[in-house]
A.B. asks: 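Before I ask anything, let me first share the structure, which is written out below as structure tokens.
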Amino acid sequence: EVRLVESGGGLVQAGGSLRLSCAASGFTFDDYAITWFRQAPGREREGVSCISSSAGNTMYVDFMKGRFTISSDNTMNTVYLQLDSLKPIDTAVYYCAAREGVSRGRCRALPNEYDYWGQGTQVAVSS
């Protein structure tokens with residue numbers, strides 16, 4: 001079974017940076033996608049960035065087209081999310097989520113497209 005464990009959250013001042021990590025294990029298919037989502041209090045969960053592997057190709061999708069950068073190690077066992085120029089509106093719980101299977105190695109922005117979730121890591125940005 002796929003297991004995802006996030007780390008790296010914390011409290012930072014506006015303008016600061018954090019790097020989140022998602023340790024992923026248990027994939028049984030060659031095609032899969034891992035996406036970072038975030039959820040602020042009172043708001044819906046929204047997709048941030050995604051990395052996918054399909055037919056031996058790695059693709060990146062930036063849903064928010066902003067200040068955050070997704071990357072991974074060579075094996076995609078760990079996926080990172082670099083958060084730069086943080087603002088108080090970025091305060092949220094950040095989750096990584098995964099989907100795998102035939103034709104499922106594609107990035108999707110909706111939470112219900114994903115089968116596996118980590119426990120989340122809190123990011124708090126003070127003004």
Side-chain angles (χ1 to χ4, degrees):
E1 183 173 318
V2 175
R3 185 167 182 257
L4 305 168
V5 180
E6 303 97 331
S7 61
L11 174 63
V12 64
Q13 288 189 330
S17 297
L18 285 172
R19 188 171 85 153
L20 308 182
S21 298
C22 172
S25 62
F27 289 108
T28 58
F29 289 87
D30 292 333
D31 291 1
Y32 55 92
I34 299 174
T35 293
W36 281 99
F37 286 85
R38 71 181 187 181
Q39 188 166 22
R43 302 193 62 174
E44 293 186 352
R45 197 166 294 191
E46 58 181 346
V48 179
S49 292
C50 174
I51 184 170
S52 68
S53 176
S54 178
N57 299 312
T58 300
M59 296 185 66
Y60 302 85
V61 177
D62 181 4
F63 295 120
M64 303 190 76
K65 304 203 183 302
R67 297 161 279 116
F68 306 152
T69 305
I70 194 169
S71 63
S72 72
D73 61 11
N74 288 339
T75 61
M76 282 182 62
N77 286 337
T78 304
V79 176
Y80 304 99
L81 185 67
Q82 179 69 36
L83 309 176
D84 294 319
S85 302
L86 283 163
K87 304 175 181 180
I89 60 170
D90 297 318
T91 294
V93 178
Y94 286 71
Y95 300 90
C96 62
R99 46 187 267 142
E100 67 163 351
V102 176
S103 299
R104 290 179 65 79
R106 300 170 185 172
C107 290
R108 294 288 185 264
L110 296 178
N112 62 10
E113 298 270 10
Y114 291 81
D115 305 307
Y116 306 99
W117 291 83
Q119 81 288 352
T121 185
Q122 176 73 54
V123 171
V125 185
S126 62
S127 57

A.B. asks: In Å, rounded to the nearest 0.5 Å, how long is the span from OG of Ser54 to OH of Tyr32?
C.D. replies: 11.0 Å
A.B. asks: Are any of the side-chain nitrogens in Asp90 or Arg67 under 4.0 Å away from the carboxylate oxygens of its partner?
C.D. replies: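 Here Asp90 pairs with Arg67 in a salt bridge, since their nearest N and O are under 4.0 Å apart.
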A.B. asks: More than 12 heavy atoms of other residues, nucleotides or ligands under 6.0 Å from CZ of Arg106: is that the case?
C.D. replies: no
A.B. asks: Please round to the nearest 0.5 Å and tell me the distance separating atom CD of Glu100 and atom OG1 of Thr28.
C.D. replies: 4.0 Å
A.B. asks: Look only at the side chain of Gln13 and the backbone of Ser126, and say whether a donor-acceptor pair between them is shorter than 3.5 Å.
C.D. replies: no
A.B. asks: If you round to the nearest 0.5 Å, how far is CG of Leu81 from CD of Glu6?
C.D. replies: 11.0 Å
A.B. asks: So how far is it from Ser52 OG to Arg99 CZ, rounded to the nearest 0.5 Å?
C.D. replies: 9.5 Å
A.B. asks: Would you say Asp30 has more than 12 foreign heavy atoms packed within less than 6.0 Å of its CG?
C.D. replies: no
A.B. asks: Does a donor on one side chain sit under 3.5 Å from an acceptor on the other, for Ser49 and Tyr60?
C.D. replies: no
A.B. asks: Which distance, rounded to the nearest 0.5 Å, do you find between the OH of Tyr80 and the SG of Cys96?
C.D. replies: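 SG of Cys96 is found 12.5 Å from OH of Tyr80.
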A.B. asks: Do Trp36 and Phe68 have ring centres separated by under 6.0 Å?
C.D. replies: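 Ring-ring flag for Trp36/Phe68: false, centres at least 6.0 Å apart.
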A.B. asks: Any side-chain donor paired with an acceptor under 3.5 Å for Tyr94 and Arg38?
C.D. replies: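 Distance-only check passes for Tyr94 and Arg38.
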